[in-house]
2 protein chains.
Amino acid sequence: MAAREPLNREKILDAALVIADELGLSGLSMRRLAKGLGVEAMALYNHVANKTAILDGLAERVFAEVEPPDPALPWPERVRSLATSMHAAFGRHPVVPLALVTDQANPTTLAALRPLEALIGAFAEAGFDDDGVRRALSSVNALVYGTLALTTLGFGKEPGGSFGPEHLDVFVRKVDPAKLPHFSRLLASMPAADPAEDFAWALNRLIAGLEAAAPVRDGAS
Amino acid sequence: MAAREPLNREKILDAALVIADELGLSGLSMRRLAKGLGVEAMALYNHVANKTAILDGLAERVFAEVEPPDPALPWPERVRSLATSMHAAFGRHPVVPLALVTDQANPTTLAALRPLEALIGAFAEAGFDDDGVRRALSSVNALVYGTLALTTLGFGKEPGGSFGPEHLDVFVRKVDPAKLPHFSRLLASMPAADPAEDFAWALNRLIAGLEAAAPVRDGAS
DNA sequence: ACCTGAACACCGTTCAAGT
DNA sequence: ACCTGAACACCGTTCAAGT
């Protein structure tokens, strides 16, 4: 067989995303990544500056998966579309929101910032001033990252995330229904929940609140 | 001098919170914590099961700082009070939300669950069914954790968190205003932002949206 | 009962050395 | 130009040994 082709940044990012999707952020180590590529850990540093650069690269790729909304849509629909697409893309690759939230990634490229640009544009069109745009943007971002934090983050393995039955057991055994009546009752309805539907519901509530506060209710029709 | 008094769980948690507030979650290692207590790392294991147990203890303490709302208040006010108090308590000790989000803490004690119990009670009183309660609860939780994630998390050191000028510089240097016009303009208004005020604004928007969807608008006169 | 020393199986990263 | 070996300064945790 011929000698192995040299490594490059793209191959490293491909392998890193596979490992991270399978083992989570904590499972993505330089040594394990190198082993998967048939190389020693130190060889990676010929192609990427450090681990942060790898996580930046992954973040950029996932941000690029976010679908640009139809510009003809009224601003609330564009916000809904963007937030939903961000939630879906991050949900497919939870390493990325986790790395962003823990400051291990900080992408500054065009591809990574385009979804934010579109969100900001929608809020500007709604008539918010600079303070209002910043606040509206932060609220939608917070809902996206917060929802992911409560469902898929930290749970490196399970695909659906959320409260799997294993996690519920911890509570069911320990919680005293006499002292936490509402909480105990709610536990029963948790496993049936669909994270994507719950996010859509929460997003609709927030957008309704934003519309009520926007100087311009609807840019279209 | 007399021999040092033996360690105990409380002393360990005291020291751990001080270190975590100063150095962040990544700065809180068993070895450093032990050194601060004048002991070897392995001595800690006589009093706590492992690092997770320490983080659970910290989470419990911070949840206990959340102020119980006046039960006479209408449900939207109770939700606002609880979410605001949670945001403030977590903002004082960002280790805790970060540990929760990364699944390094998972407290199941009464003290830690009481704020959730109160939130659930408020939403039940609003007339939501079990699905609605779970979704309303998740939305408020997501906003709290998500807001903290975007402002104070990952930033172990800086007290105000958010976009300090250091972080802005990264963007200001790299972002092309021609390609990201909205984003570039927004950068100017970021440093003046007050995270607590921005959170209050976002929370008001979400609660407005929840009220519009609630079967019972207002429990009180 | 409480603490220590040494060890195990890991991290990210640097630097000199090899081809 | 690209890769390796050895090393540095860390992790959480276990286990046998000390007092």
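Residue numbering restarts at 1 for every chain, and letters A, B, ... go by the order of the sequence lines.
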Starting at CG of B/L119, measure out to CG of B/N141 and round the result to the nearest 0.5 Å.
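Here the rounded value is 6.5 Å.
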Could you check A/A43 against B/A49 and say which one's nearest nucleotide on DNA chain D is further toward the 5' end?
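The 5'-side residue here is A/A43.
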Name the pairing partner of D/dA1, where a pair is Watson-Crick or G-U wobble with both distances under 3.5 Å, or state none.
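With both distances under 3.5 Å, D/dA1 matches C/dT19.
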Could you check which nucleotide pairs with C/dG12 in any of the strands shown, counting Watson-Crick or G-U wobble with both distances under 3.5 Å?
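Across any shown strand, C/dG12 pairs with D/dC8.
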Between [options], spot the one nearest the side chain of [X], thanks.
{"X": "B/M42", "options": "D/dC11, C/dA6, C/dT13", "result": "C/dA6"}
{"X": "A/V39", "options": "D/dC11, C/dG12, D/dT4", "result": "D/dT4"}
{"X": "A/R31", "options": "D/dG12, D/dT4, C/dG12", "result": "C/dG12"}
{"X": "B/N46", "options": "C/dC3, D/dT13, C/dC15", "result": "C/dC3"}
{"X": "B/M30", "options": "D/dG12, D/dT4, C/dA7", "result": "D/dG12"}
{"X": "A/Y45", "options": "D/dG12, C/dG12, C/dC11", "result": "C/dG12"}
{"X": "A/P6", "options": "D/dC3, C/dT4, C/dT13", "result": "D/dC3"}

Under 4.0 Å, counting only non-hydrogen atoms across every strand here, what does B/L44 touch: a base, just sugar-phosphate, or nothing?
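Here B/L44 touches no strand at all.
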Just to be sure I understand the rule, does A/L33 reach a base, reach only the sugar-phosphate, or reach nothing, if contact means heavy atoms closer than 4.0 Å?
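Result for A/L33 = nothing.
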For B/A43 and B/H47, which heavy atoms make the closest approach, and how far apart are they?
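Closest pair (atom of B/A43, atom of B/H47, distance): O-ND1, 3.6 Å.
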Closest non-hydrogen atom pair between A/A202 and B/L206, with its separation:
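Heavy atoms of A/A202 and B/L206 come nearest at O-CD1, 4.3 Å.
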Spacing between [X] atom [atom1] and [N] atom [atom2], to the nearest angstrom:
{"X": "A/L7", "N": "D/dT4", "atom1": "CG", "atom2": "C1'", "value": "14 Å"}
{"X": "A/N8", "N": "D/dC2", "atom1": "CG", "atom2": "C1'", "value": "13 Å"}
{"X": "A/Q104", "N": "C/dG12", "atom1": "CD", "atom2": "C1'", "value": "11 Å"}
{"X": "B/E5", "N": "C/dA1", "atom1": "CD", "atom2": "P", "value": "19 Å"}
{"X": "B/K11", "N": "C/dC3", "atom1": "NZ", "atom2": "P", "value": "9 Å"}
{"X": "A/N50", "N": "C/dC15", "atom1": "CG", "atom2": "P", "value": "14 Å"}
{"X": "B/E40", "N": "C/dT4", "atom1": "CD", "atom2": "P", "value": "5 Å"}
{"X": "B/K35", "N": "D/dA9", "atom1": "NZ", "atom2": "P", "value": "13 Å"}

For a side-chain contact (heavy atoms from CB on, under 4.5 Å) check, start with the C-alpha distance between B/R61 and B/D14, then their side-chain angles and the critical distance, and finish with the verdict.
CA-CA 10 Å; B/R61 284 187 175 197; B/D14 288 343; 2.7 Å; yes
Pairwise P distance for C/dA9 and D/dA9, with rounding to whole Å:
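Between the two P atoms, the distance is 23 Å.
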Ring centres under 6.0 Å, that's the criterion: do A/Y145 and B/Y145 meet it?
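No, they do not, as the ring centres are separated by 6.0 Å or more.
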Considering just the side-chain nitrogens and oxygens of A/H47, establish if one lies under 4.0 Å of OP1 or OP2 belonging to D/dA1.
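False: A/H47 side-chain N/O out of range (4.0 Å or more) of D/dA1 OP1/OP2.
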I need the single residue from B/P97, B/P94, B/P195 that forms a side-chain contact (heavy atoms from CB on, under 4.5 Å) with B/T152. Which is it?
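Exactly one option meets the side-chain contact (heavy atoms from CB on, under 4.5 Å) with B/T152, and it is B/P94.
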